[in-house]
Number of protein chains: 2
Amino acid sequence: MLSQKTRYAIRAMQHLADRYGQGPIPLTDIAEKQNIPAKFLTVILSELSRYGIVASQRGKDGGYWLGVPPIDITYGDLIRIMRGSLALVPCASRFAHETCKNCLEEKDCRVRALMLQVRDATANLLDGVRLADRIDPVPAADGLEAADDLEVG
Amino acid sequence: MLSQKTRYAIRAMQHLADRYGQGPIPLTDIAEKQNIPAKFLTVILSELSRYGIVASQRGKDGGYWLGVPPIDITYGDLIRIMRGSLALVPCASRFAHETCKNCLEEKDCRVRALMLQVRDATANLLDGVRLADRIDPVPAADGLEAADDLEVG
DNA sequence: AGCATTGTCAACTTATCCGATTGAGAATAA
DNA sequence: TTATTCTCAATCGGATAAGTTGACAATGCT
């Protein structure tokens with residue numbers, strides 16, 4: 001799962017991308033329209049600005065804006081910044097590889113083999129969509145099917 | 001990320017799948033060979049047996065075995081059992097849908113639209129691989145590439 | 001019967017992380 | 001000089017995760 005913080009970060013970036021070129025956007029505007037606790041958002045935006053993908057100005061008429069054109073930021077980038085990796089297990093990360101605790105040796109690990117595939121499929125998708133891209137929301141009721149064989153999840 | 005518990009569960013199930021039809025496998029055998037704390041493994045196995053996919057017998061020569069043929073259990077099933085969902089956000093789960101806290105309305109949420117795609121790609125993969133399938137581990141040094149544009153993750 | 005073996009289960013602990021807030025401060029513009 | 005707006009470190013409460021303890025129940029062996 002993505003953390004709440006990561007979800008906030010993505011929505012904040014979408015908000016700024018939608019307003020790219022319109023000058024500084026005040027934090028309270030983002031917080032209100034995106035339903036994000038304002039104080040928490042300061043933590044998130046300052047983290048994002050350390051990566052240069054958000055810029056800011058203080059004082060009257062200050063605010064935040066994208067430090068990079070929205071076509072140059074992929075959703076994969078955002079998730080990697082906020083959570084370190086796209087992978088489902090540490091040993092399946094390509095850019096932030098770590099050995100998993102209490103695992104088998106990597107050369108024997110079948111979980112890893114599978115999770116590398118999942119990571120690649122995820123990356124293919126998320127590195128191909130950019131903040132500048134239009135994304136059509138999916139109606140809420142859709143996306144639900146009958147339960148599967150084991151009746152879980 | 002998958003929890004440690006989920007990773008243990010998957011490896012324990014692989015262990016049992018590898019020995020399917022060979023009678024009860026004692027917990028200590030699984031724990032030692034799979035490098036899982038024995039007492040914690042009891043918690044995991046008892047959880048799995050509540051779903052019927054693991055069976056057990058007590059006493060001398062007792063142990064655990066798969067309650068279902070390994071060809072009938074997918075990795076997607078296992079992850080759903082252990083963590084509830086394959087999705088990266090609650091609102092993008094197909095079998096365990098929940099609205100995300102502090103989000104926009106689902107009909108307006110672009111994060112959800114994207115994460116539904118990720119969930120589907122993940123499910124396509126993980127529901128297509130079964131415990132009975134042979135998986136070739138990937139050599140440890142492989143899978144690493146140069147850093148990406150933003151030098152993160 | 002008696003004992004060793006092996007799984008069952010609830011309760012508990014401990015550590016870590018997450019989400020969020022507090023509060024003092026610094027830049028900017030009017 | 002005042003209001004506005006971002007900056008940043010420290011902290012807090014609660015949830016979750018990982019793992020342990022300890023009492024108990026079933027099974028098979030002698």
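Lettering follows sequence order; numbering is per chain, from 1.
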Does the pair S49(B) and S46(B) meet the rule for a side chain to side chain donor-acceptor pair (under 3.5 Å), with working shown? CA-CA 5 Å; S49(B) 62; S46(B) 91; 5.4 Å; no
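The shortest distance between the side-chain N/O atoms of Y8(B) and the OP1/OP2 oxygens of dA17(D) is not below 4.0 Å.
Across the protein-nucleic acid pair, E32(A) atom CD and dT5(D) atom P stand 11 Å apart, rounded to whole Å. One interatomic measurement links the two molecules: NZ of K5(B) to P of dT20(D), which rounds to 14 Å at whole-angstrom precision. Straight-line distance from the CG atom of L45(A) to the C1' atom of dC8(D): 14 Å, rounded to whole Å. Distance CE (M82(A)) to P (dC18(C)): 11 Å, rounded to an integer number of Å. When the P atom of dT5(D) is taken as reference, atom CH2 of W65(A) falls 14 Å away, rounded to whole Å. When rounded to the nearest whole Å, the span between CZ of R50(A) and P of dT7(D) equals 11 Å. Separating the CG atom of L41(B) from the P atom of dC9(C) is a distance of 15 Å, rounded to the nearest angstrom. When rounded to the nearest whole Å, the span between CD of Q4(A) and P of dC18(C) equals 12 Å.
Within a 6.0 Å sphere centred on CD of E47(B), heavy atoms belonging to other residues, nucleotides or ligands number more than 12.
Summarising the geometry of V111(B) relative to Q14(A), their closest heavy-atom pair is CG2-OE1, 3.9 Å, with the distance given to 0.1 Å. Residue K5(A) comes nearest to M82(A) through the heavy atom pair CG-CE, 3.9 Å, listed as atom of the first residue, atom of the second, then distance.
Residue L27(A) is in sugar-phosphate contact alone, with no base atom involved, counting any heavy-atom pair closer than 4.0 Å across all strands shown.
Between dG19(C), dA27(C), dC29(D), one nucleotide has an atom nearer to the side chain of D61(B) than all others, and that is dC29(D). The nucleotide whose nearest atom lies closest to any side-chain atom of V43(A) is, among dT21(C), dT4(D), dG28(D), dT21(C). With dC6(D), dG7(C), dC8(D) as the candidates, the nucleotide lying closest to the side chain of R58(B) is dG7(C). Closest to the side chain of P37(A), out of dA20(C), dG25(C), dG28(D), is dA20(C). Side-chain proximity of F40(A) to dC6(D), dG19(D), dA20(C): nearest is dA20(C). When distances are taken from the side chain of S56(A) to each of dA29(C), dT7(D), dT27(D), the shortest belongs to dT7(D).
Remark: the K39(B) side chain and the dG22(D) base include a donor-acceptor N/O pair separated by less than 3.5 Å.
Hydrophobic clustering of Ile, Leu, Val, Met, Phe, Trp and Tyr side chains at less than 4.5 Å, counting indirect connections, keeps Y8(A) apart from W65(A).
Mapped onto DNA chain C by nearest heavy atom, K101(B) and Q57(B) fall at different nucleotides, with Q57(B) at the one closer to the 5' end.
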